[in-house]
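Here is the structure we will look at, set down as structure tokens.
Just follow the structure's listing: the first ligand is 1, and inside any ligand the first atom is 1.
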Amino acid sequence: MGRVDAGAPAAVGEDSVPDRTHRAAADPPALELTALSHRFGDVCAVDEVSLSVFRGEVVCLLGPSGCGKTTVLRIAAGLETLQGGRVSIDGRPIAGDGVAVPPEERGIGLVFQDYALFPHLTVGENIAFGLRRLDGAERQARITAALGGVGLEGFESRYPHMLSGGQQQRVALARALAAGPSVVLLDEPFSGLDARLRDKVRDQTLHALKGSGAATLMVTHDAEEAMFMGDRIAVMREGRILQTGTPDELYCHPGAAYVAELFGEVNRLNAVVRDGQVETPFGPLPANGLAEDVAAEILIRPEALRLSQAPGTPVGRIVASRMLGRTSLIHMSITDDAGQDVHLHARAPGRFLPEEGEKLSVALDTSQAFVFPQKSIK
Ligand code: ATP
């Protein structure tokens with residue numbers, strides 16, 4: 001899906017990276033955040049954050065604990081008073097520019113970590129709570145449709161304590177979607193679920209959100225979850241958005257070492273730029289525009305290293321091989337041109353377990369090797 005954030009910078013700050021998606025948008029974004037800034041005393045929690053979410057799109061805000069994700073969501077919802085910037089829904093300002101629409105009038109559906117269902121109300125009554133303005137028949141039709149949308153037909157009379165965690169989460173989602181909001185905000189909605197259930201509920205949630213056509217902004221600190229759920233991902237660090245793009249763009253074209261590492265383990269090599277290149281045991285790589293004599297680091301994904309018995313250089317000496325299920329992880333040692341031993345990890349699909357001490361040639365898929373200055377954001 002991936003679209004450019006119309007009219008607003010997708011990324012900000014000196015070290016930030018522009019959005020690589022460049023599709024024009026005919027409609028205004030369903031949710032548009034423009035230059036949001038927010039402080040808690042001395043703490044700058046959100047720093048000039050701009051982001052747009054279009055109808056039918058799921059965008060994930062990804063970053064470590066404390067980077068400001070929840071604060072962005074709370075500002076959009078109206079749960080935090082806007083200090084700087086603007087929030088618009090369907091092209092209409094709802095906060096900023098002298099406007100402050102109260103949370104319940106923003107047309108936003110909310111799902112937070114703890115589901116927060118009313119324990120003394122049935123599932124049907126919990127969903128009906130946001131539909132008080134509708135007449136009885138219309139309200140009932142919405143409740144039935146909302147429960148159907150999350151696969152919980154027939155659960156209307158149950159109380160929350162009679163439901164599993166996953167079912168409670170789906171009721172919370174049904175409640176958020178029942179009123180037909182144009183925007184849905186989710187804050188770590190799967191964090192209370194165990195790993196096995198989480199996969200299933202994520203899948204059901206994605207289907208329900210896509211079925212609703214709402215614009216979704218979801219907060220998570222889990223990169224794999226962001227890749228599963230998001231049409232696009234905005235990577236946050238210390239209150240700023242560093243890079244926005246599709247999961248594929250962020251994984252294959254990270255704009256900073258920090259982004260590359262967020263999406264999976266990397267091998268790290270150091271080199272100095274000479275003649276527009278950096279030297280590696282696999283031969284020279286383009287220096288990614290870095291100036292001469294700059295100290296660079298080369299990040300290589302383990303799956304970019306291919307081991308084979310065919311003759312070739314460099315040669316990797318196997319230190320250990322481990323079966324991890326869907327992939328095998330191979331620890332190896334390579335001697336570089338300076339005679340130094342470099343320890344690298346390779347990852348191969350399926351079962352591939354060379355013997356300790358075995359010597360194999362190693363080839364590099366250069367599309368999975370990234371060159372950054374050593375001072376780059378980590
Ligand atoms: P987490 O994933 O742990 O929820 P987050 O990325 O959502 O983290 P926020 O909750 O937005 O981060 O917090 C951003 C920063 O603002 C943190 O340094 C946090 O301690 C601070 N902060 C958040 N809420 C408040 C508050 N009500 N009062 C003071 N400081 C706050």
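Looking at residues two or more places apart in sequence or on another chain, you find a side-chain contact (heavy atoms from CB on, under 4.5 Å) between Phe155 and Leu152, Arg158, Leu163, Gln167. A search for side-chain contact (heavy atoms from CB on, under 4.5 Å) contacts involving Asp203 returns His207, Phe228, not counting sequence neighbours. With sequence neighbours excluded, the residues that form a salt bridge (Lys or Arg N to Asp or Glu O under 4.0 Å) with Asp365 are Arg306.
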Stepwise side chain to side chain donor-acceptor pair (under 3.5 Å) test for Gln204 and Gln169: CA-CA 11 Å; Gln204 290 164 329; Gln169 197 278 349; over 6 Å; no
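A salt bridge links Glu261 to Arg268: at least one charged side-chain nitrogen sits closer than 4.0 Å to a carboxylate oxygen.
The backbone N or O of Ala137 lies less than 3.5 Å from a partner atom in the side chain of Asp135, making a donor-acceptor pair.
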Contact table ligand 1 N or O to protein N or O, d under 3.5 Å:
{"unit_1": "ligand 1", "atom_1": "2 (O)", "unit_2": "Lys69", "atom_2": "NZ", "d": "2.9"}
{"unit_1": "ligand 1", "atom_1": "3 (O)", "unit_2": "Ser65", "atom_2": "OG", "d": "2.6"}
{"unit_1": "ligand 1", "atom_1": "6 (O)", "unit_2": "Gly66", "atom_2": "N", "d": "3.4"}
{"unit_1": "ligand 1", "atom_1": "6 (O)", "unit_2": "Cys67", "atom_2": "N", "d": "3.0"}
{"unit_1": "ligand 1", "atom_1": "6 (O)", "unit_2": "Gly68", "atom_2": "N", "d": "3.0"}
{"unit_1": "ligand 1", "atom_1": "6 (O)", "unit_2": "Lys69", "atom_2": "N", "d": "3.1"}
{"unit_1": "ligand 1", "atom_1": "6 (O)", "unit_2": "Lys69", "atom_2": "NZ", "d": "2.9"}
{"unit_1": "ligand 1", "atom_1": "7 (O)", "unit_2": "Thr70", "atom_2": "N", "d": "2.8"}
{"unit_1": "ligand 1", "atom_1": "7 (O)", "unit_2": "Thr70", "atom_2": "OG1", "d": "2.7"}
{"unit_1": "ligand 1", "atom_1": "8 (O)", "unit_2": "Gly66", "atom_2": "N", "d": "2.7"}
{"unit_1": "ligand 1", "atom_1": "11 (O)", "unit_2": "Thr71", "atom_2": "N", "d": "2.9"}
{"unit_1": "ligand 1", "atom_1": "11 (O)", "unit_2": "Thr71", "atom_2": "OG1", "d": "2.5"}
{"unit_1": "ligand 1", "atom_1": "12 (O)", "unit_2": "Gly68", "atom_2": "N", "d": "3.2"}

